[in-house]
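One structure is given below, encoded as structure tokens.
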Amino acid sequence: MKLIKKRIPTILCALVLLLGGLLPAWASSANTTVYLLAANDKFCDLAGGFLPVAVDGTIYVPYTVFDKDATGVDLGVYYGLKQEQGTILSLYSINGHLTFRVSMGLCEDGQGNPMDFRALPRHGIPYVPAAAVCAFFGLQYSFLPTTDRGTLIRITSSPNTLSDALFLASARSSMQERYNNILQAREPTPSATPTPDVSVPPTAQPTVPAGRPDRSNIRVYLAVNASESESNLTTHFPVGVQALFLFTLDSLVSRADQVRSAVAAGHSIGLIVEGDLAQARAQLDQGNRLLSHIARVSTHIVSAPAELQDQLAQEGWRCWRGHYPGGTSTTVLSYLDARQSTTRLELPATPAALSRVLTTLRQDGYTLRQPVETDL
């Protein structure tokens with residue numbers, strides 16, 4: 001009898017451990033936890049309403065939380081998306097660099113050393129493991145569950161931010177509102193009860209103008225000279241549409257934010273050079289040094305005078321040879337109407353004209369392409 005009594009605690013402990021190991025899988029399948037996101041002393045209301053998710057016990061966050069333009073807070077980390085070798089996500093700061101090969105499930109640091117974590121595709125964008133990324137870049141990661149407002153994932157970079165306890169107390173109403181909105185959105189929408197004998201006119205559908213030719217067989221490679229633009233041109237590009245952003249050497253420093261935004265949004269970067277061959281070489285060398293300092297990238301794409309293009313190409317540079325050098329939105333669209341084959345187009349660099357051209361290109365069904373080094 002004593003032997004049986006001694007074994008009971010052991011058996012109970014084993015059952016607790018077994019059930020404890022099963023709880024995370026059960027909880028994740030129930031999908032009842034609401035995760036909210038904050039950076040420093042502000043909630044992150046990211047475009048698309050993206051929120052943290054838990055996968056196999058690890059919290060993943062949208063990569064956009066590390067972009068100061070998206071969160072309003074500079075976390076000391078910039079990111080970039082490239083289409084080379086599958087989907088690649090780069091997160092980097094002055095102290096380190098992470099490269100995620102999303103489709104391959106791999107990650108490596110700036111020295112090529114493999115990391116033991118990866119990015120996951122969710123809702124069409126990469127999600128990254130919050131705690132691991134924060135630890136790598138020296139950011140503070142906090143997992144803050146509450147009894148009535150969900151669980152807050154907080155990322156901080158500044159020593160001057162509120163403590164977690166003070167932030168939770170000060171942001172109680174904001175957190176409660178977001179929590180309630182998410183719960184309400186998760187509730188199933190009741191099916192509408194059909195009303196008999198009521199005629200509902202059909203919704204008018206947009207129609208293509210009569211006689212409009214099919215433009216889907218025409219590839220348009222997009223570029224824009226962002227050297228003089230005061231506004232962030234990347235915000236005028238629809239999701240999934242990337243271009244080649246060109247900069248003169250003199251504009252790189254004054255347009256550093258534009259450079260970082262373009263890299264972050266997945267656009268290609270190219271350098272505009274002028275003068276003779278020696279001057280062009282010097283500008284390219286200095287330009288790549290600046291790009292490395294500004295956004296931790298380099299480029300082999302160059303926009304050069306026609307007389308230098310062949311020589312630069314022989315030296316390994318990829319030359320952007322635009323078929324149409326910009327203009328107003330009206331002249332650009334008139335030019336495109338006359339095209340029947342692939343074209344390389346330099347877009348107007350003013351926000352209104354840029355938006356109009358991109359909108360028309362998509363509505364008319366052109367096949368839009370981002371110029372990358374392998375295409376030039």
Side-chain angles (χ1 to χ4, degrees), residues 19-77 79 89 91 117-137 139-192 235 239 264:
L19 292 174
L22 294 175
L23 279 176
W26 172 87
S28 63
S29 64
N31 196 28
T32 56
T33 303
V34 173
Y35 294 100
L36 300 174
L37 185 61
N40 288 338
D41 290 335
K42 296 173 62 177
F43 282 99
C44 296
D45 296 319
L46 300 177
F50 299 136
L51 294 169
V53 297
V55 180
D56 296 331
T58 299
I59 297 296
Y60 286 79
V61 296
Y63 74 92
T64 47
V65 70
F66 297 105
D67 172 30
K68 66 176 182 179
D69 293 325
T71 63
V73 180
D74 185 358
L75 299 179
V77 179
Y79 69 91
L89 169 66
L91 299 176
F117 49 82
R118 58 179 179 147
L120 299 177
R122 286 292 185 278
H123 310 298
I125 67 170
Y127 273 52
V128 296
V133 170
C134 288
F136 183 88
F137 290 108
L139 306 175
Q140 179 65 41
Y141 167 81
S142 299
F143 181 89
L144 305 171
T146 69
T147 58
D148 58 348
R149 290 167 284 160
T151 296
L152 178 64
I153 306 302
R154 189 183 183 209
I155 298 171
T156 55
S157 62
S158 171
N160 300 320
T161 56
L162 297 173
S163 68
D164 288 338
L166 285 176
F167 180 74
L168 282 175
S170 64
R172 181 179 181 86
S173 61
S174 296
M175 188 173 177
Q176 187 72 62
E177 180 182 359
R178 288 171 170 81
Y179 175 77
N180 292 339
N181 289 339
I182 292 171
L183 288 184
Q184 185 177 1
R186 287 183 178 181
E187 293 179 358
T189 303
S191 57
T235 61
V239 175

Run the numbers on Y63 and I125 for side-chain contact (heavy atoms from CB on, under 4.5 Å), then give the verdict. CA-CA 8 Å; Y63 74 92; I125 67 170; 4.0 Å; yes
Go through F143 and I153 one step at a time and tell me if the side-chain contact (heavy atoms from CB on, under 4.5 Å) criterion holds. CA-CA 5 Å; F143 181 89; I153 306 302; 3.5 Å; yes
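A distance of 8.0 Å separates CG of D164 from CG of L152, quoted to the nearest 0.5 Å. Taking CG from L144 and CG from L168, the interatomic distance works out to 5.0 Å, rounded to the nearest 0.5 Å. Atom CG of D41 and atom CG of N160 lie 9.5 Å apart (nearest 0.5 Å). Taken to the nearest 0.5 Å, the CZ atom of R154 stands 5.0 Å off from the OG1 atom of T161. Taking SG from C134 and CZ from F66, the interatomic distance works out to 4.5 Å, rounded to the nearest 0.5 Å.
Y35 has its ring centre no less than 6.0 Å from the ring centre of Y60.
Residues G150 and M175 share a closest heavy-atom pair of O-CE, 4.0 Å. The heavy-atom pair separating C44 from A38 by the smallest distance is SG-C, 3.9 Å.
By the 4.5 Å heavy-atom criterion applied to side chains, L36 and I182 are counted as neighbours. At a threshold of 4.5 Å between non-hydrogen side-chain atoms, the residues V61 and V128 count as touching.
Remark: R122 engages no residue in a salt bridge (Lys or Arg N to Asp or Glu O under 4.0 Å) (not counting sequence neighbours). With sequence neighbours excluded, the residues forming a salt bridge (Lys or Arg N to Asp or Glu O under 4.0 Å) with R178 are D45, listed by chain and number.
Counting only residues at least two apart or in different chains, side-chain hydrogen bond (donor to acceptor under 3.5 Å, both in side chains) contacts with residues 144-153 comprise D148-R172.
The aromatic rings of Y127 and F50 stand perpendicular to each other, their planes meeting at an angle above 60°, with 30° marking the opposite boundary.
Between the side chains of Q184 and N180, no donor N or O sits under 3.5 Å from an acceptor N or O.
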